[in-house]
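Structure, as structure tokens:
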There are 2 protein chains.
Amino acid sequence: MTQSSSQRAITQLRQLIFSGALPAGSDHLESELAERLNMSRTPVREAALMLESQGLLEMRPRKGVRILPVSAGDMREIYEVLTELECLSAERAARHSVKESDLAALARSIEDMDVALRAGDLEQWAQADEGFHSELVRLGGNSRAINIAGMMQDQVRRARLVTLHMRPVPSQSNQDHRGVLEAIRRGDAEAARSIHKNHRDVAQKLILALLEKHRLHLL
Amino acid sequence: MTQSSSQRAITQLRQLIFSGALPAGSDHLESELAERLNMSRTPVREAALMLESQGLLEMRPRKGVRILPVSAGDMREIYEVLTELECLSAERAARHSVKESDLAALARSIEDMDVALRAGDLEQWAQADEGFHSELVRLGGNSRAINIAGMMQDQVRRARLVTLHMRPVPSQSNQDHRGVLEAIRRGDAEAARSIHKNHRDVAQKLILALLEKHRLHLL
DNA sequence: TCGCACTTTAACGTATACATTAAATTTCAC
DNA sequence: GTGAAATTTAATGTATACGTTAAAGTGCGA
């Protein structure tokens with residue numbers, strides 16, 4: 001239960017970054033962060049190294065830890081990788097995950113999105129959408145894909161802080177989700193992949209257009 | 001020029017792992033590794049954390065650092081991810097990399113493979129093959145994909161220590177490589193992806209069959 | 001001999017100390 | 001006043017010290 005300081009540092013730094021308390025582009029000395037988290041520099045350094053390897057920050061000698069901004073170009077890269085891994089997962093899920101119980105979480109996320117949209121609650125929708133996508137990857141059963149997609153999803157979440165309220169309401173997006181779910185249910189790997197690919201491509205174009213139009217760097 | 005001890009530790013530990021000097025499945029105390037590398041535990045720990053995040057080893061409290069074996073199941077996961085990222089890269093390369101100079105390295109790798117095969121030098125062939133695949137990903141221009149594919153390639157290299165001399169001579173593999181190169185050259189993204197996908201799927205099936213047949217865990 | 005409580009060991013996780021050196025500041029000649 | 005050299009500062013990277021605690025070892029009664 002009691003977790004190590006390093007682990008706490010990772011968790012807390014992530015929270016600080018995702019909440020915007022450590023804004024993109026800002027610099028922070030290791031000693032400042034250590035004081036802030038009530039621990040010595042050692043676990044803070046270890047945590048920073050991990051987060052650096054995950055692309056959330058950059059350690060620059062003598063300049064402190066810089067929280068990395070996410071540019072439109074970065075988001076393009078991230079969406080490209082994420083799309084491939086999710087499509088792989090959709091295909092794999094369709095190929096072997098036949099048990100209906102495995103699909104409950106997916107179905108639930110779809111319902112949650114419907115509910116959230118009817119209530120006009122975008123935050124709720126975003127959370128359910130993230131749930132759908134991460135569950136999809138989980139069903140694919142490839143642990144490397146799961147880890148990598150998780151990292152990419154972290155960045156998508158940061159971008160979503162900005163894009164969520166700029167984009168049109170994603171009212172037809174759930175049709176795709178249902179299509180993917182049905183394809184997996186009937187074991188149609190080709191369809192699962194192609195429907196999801198199309199789903200991601202549409203979303204990607206939309207979000208990237210928004211970001212480039214507004215020349216945004218993001219939290 | 002003078003690099004940090006942490007960096008050296010990463011480089012040297014990688015060499016020790018890839019050379020088999022630290023065999024898969026073996027355990028090593030942080031203090032042993034520190035002595036071996038002539039440095040204190042601190043940079044060794046930092047290096048081990050990085051290598052752990054890359055899937056090369058595992059840190060187990062009080063049991064030391066364990067060099068992770070790569071099972072057939074692991075290789076399946078690794079090939080799946082690598083295939084997706086390489087296909088993405090082939091497609092992207094075809095879409096934007098038109099300059100002939102960009103393709104020189106690819107063409108060179110293909111020639112090197114031909115030469116190596118004629119000479120019956122499998123090691124040489126493997127090196128050129130790795131060069132082709134990594135250059136392909138580089139041409140895709142997605143820095144995240146490049147990093148991730150690099151990590152996956154690290155594991156493929158370890159597996160190849162075992163599989164290289166068990167597999168049939170890859171005499172027709174270069175046809176695929178040429179096909180991909182030509183597709184990129186003429187900007188045919190669909191073909192680049194599908195030819196490469198087929199290339200990878202064939203190789204993957206072959207290697208996985210070998211591994212499963214011999215119930216191998218690998219260096 | 002076996003099993004269990006107790007003691008000892010030692011590996012890790014973290015804190016702290018310290019050497020190095022990039023950056024900032026000051027000094028000083030002109 | 002300006003620019004370069006010298007000095008000081010301070011943040012990092014690494015070494016070391018130390019407390020905690022899982023695991024190994026020991027002793028002893030049955």
Side-chain angles (χ1 to χ4, degrees), chain A residues 1-17 20-69 147 150-151, chain B residues 1-17 20-69 147 150-151:
Chain A
M1 177 61 239
T2 43
Q3 57 179 353
S4 71
S5 296
S6 291
Q7 216 51 45
R8 269 177 43 227
I10 291 176
T11 306
Q12 297 192 34
L13 286 177
R14 282 173 53 91
Q15 285 172 353
L16 291 172
I17 292 171
L22 299 180
S26 62
D27 293 323
H28 310 275
L29 298 180
E30 292 176 8
S31 43
E32 287 174 20
L33 294 175
E35 188 172 15
R36 191 161 182 168
L37 302 185
N38 264 314
M39 56 184 75
S40 76
R41 275 177 54 221
T42 309
V44 169
R45 250 184 90 79
E46 290 190 355
L49 283 167
M50 299 309 294
L51 297 182
E52 180 175 45
S53 80
Q54 292 170 22
L56 289 179
L57 53 83
E58 182 186 22
M59 296 177 77
R60 300 185 309 169
R62 291 170 194 285
K63 305 204 157 175
V65 162
R66 151 158 300 201
I67 311 304
L68 284 179
N147 278 330
M151 290 181 213
Chain B
M1 175 62 237
T2 43
Q3 56 179 353
S4 72
S5 296
S6 291
Q7 215 51 46
R8 268 177 43 225
I10 291 177
T11 306
Q12 297 192 34
L13 287 177
R14 283 172 54 90
Q15 285 172 354
L16 290 171
I17 293 171
L22 300 179
S26 62
D27 293 324
H28 309 274
L29 299 179
E30 292 176 7
S31 43
E32 288 174 21
L33 294 175
E35 188 172 15
R36 192 161 181 167
L37 303 185
N38 266 312
M39 55 183 76
S40 76
R41 274 178 55 222
T42 309
V44 169
R45 251 185 89 79
E46 290 190 354
L49 284 167
M50 299 309 293
L51 297 182
E52 180 174 45
S53 79
Q54 293 170 21
L56 289 179
L57 52 84
E58 184 185 20
M59 295 177 79
R60 300 186 308 170
R62 288 167 199 286
K63 304 202 158 177
V65 162
R66 150 158 301 200
I67 310 303
L68 284 179
N147 279 330
M151 290 181 212

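Note that the coordinates shown come from a computational prediction; the quantities given were computed from them, not determined experimentally. Note that these values count all heavy atoms, side chains included, but never hydrogens, waters or copies made by symmetry.
- Across all their heavy atoms, Leu16(B) and Leu37(B) have their closest contact at CD1-CD2, 4.3 Å.
- Here the P atom of nucleotide dT14(D) and the CD1 atom of Ile10(B) are 10 Å apart, to the nearest Å.
- When distances are taken from the side chain of Glu30(A) to each of dA23(D), dT12(D), dT14(C), the shortest belongs to dT12(D).
- Contacts between residues 35-46 of chain B and DNA chain C, counted as heavy-atom distances below 4.0 Å, involve Arg41(B), Arg45(B).
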Donor-acceptor contacts, no H, no angles, side chain residues 39-49 of chain B, under 3.5 Å, sequence neighbours left out:
residue, atom, partner, partner atom, Å
Ser40(B), OG, Thr42(B), N, 3.4
Arg41(B), NE, Glu30(B), OE1, 3.1
Arg41(B), NH2, Glu30(B), OE1, 3.2
Arg45(B), NE, Glu46(A), OE2, 2.9
Arg45(B), NH1, Glu30(B), OE2, 3.0
Arg45(B), NH2, Glu46(A), OE1, 3.3
Arg45(B), NH2, Glu46(A), OE2, 3.1
Glu46(B), OE1, Arg45(A), NH2, 3.3
Glu46(B), OE1, Ser6(B), OG, 2.7
Glu46(B), OE2, Arg45(A), NE, 2.8
Glu46(B), OE2, Arg45(A), NH2, 3.1

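- Between Ser5(A) and the phosphate of dG13(C), there is no side-chain N or O to OP1/OP2 separation shorter than 4.0 Å.
- Closest heavy-atom contact between Ile67(B) and Leu22(B): CG2-O, 3.8 Å.
- Rounded to an integer number of Å, the gap from CZ of Arg62(A) to C1' of dT14(D) is 13 Å.
- Under the rule for a side-chain contact (heavy atoms from CB on, under 4.5 Å), the partners of Pro69(B) that lie at least two apart in sequence or sit in another chain are Ala24(B), His217(B).
- Minimum interatomic distance between Val65(B) and Met59(B) (heavy atoms only, all atoms of both residues): CG2-CG, 4.1 Å.
- A side chain to side chain donor-acceptor pair (under 3.5 Å) check over residues 48-58 of chain B, counting only residues at least two apart or in different chains, returns nothing.
- The distance from atom CG of Asp27(B) to atom CZ of Arg62(B), rounded to the nearest 0.5 Å, is 15.0 Å.
- When rounded to the nearest whole Å, the span between CG of Leu33(A) and P of dA11(D) equals 12 Å.
- Residue Ile10(B) comes nearest to Leu51(B) through the heavy atom pair CG2-CD2, 4.2 Å, listed as atom of the first residue, atom of the second, then distance.
- Between Gln7(B) atom CD and dT14(D) atom C1' the separation is 14 Å, expressed in whole Å.
- Shown for residues 52-61 of chain A: residues whose heavy atoms fall under 4.0 angstrom of DNA chain D, namely Pro61(A).
- Legend: residues meeting side-chain hydrogen bond (donor to acceptor under 3.5 Å, both in side chains) with Ser26(B), ordered by chain and number and at least two apart, are His28(B).
- Between the CG atom of Leu49(A) and the C1' atom of dG13(D) there is a distance of 11 Å, rounded to whole Å.
- Distance, Leu29(B) CG to dA22(D) C1': 14 Å, rounded to whole Å.
- Rounded to whole Å, atom C1' of dT12(D) lies 17 Å from atom NE2 of His28(A).
- Nucleotide dA10(D) holds its C1' atom 15 Å from the NZ atom of Lys63(A), rounded to whole Å.
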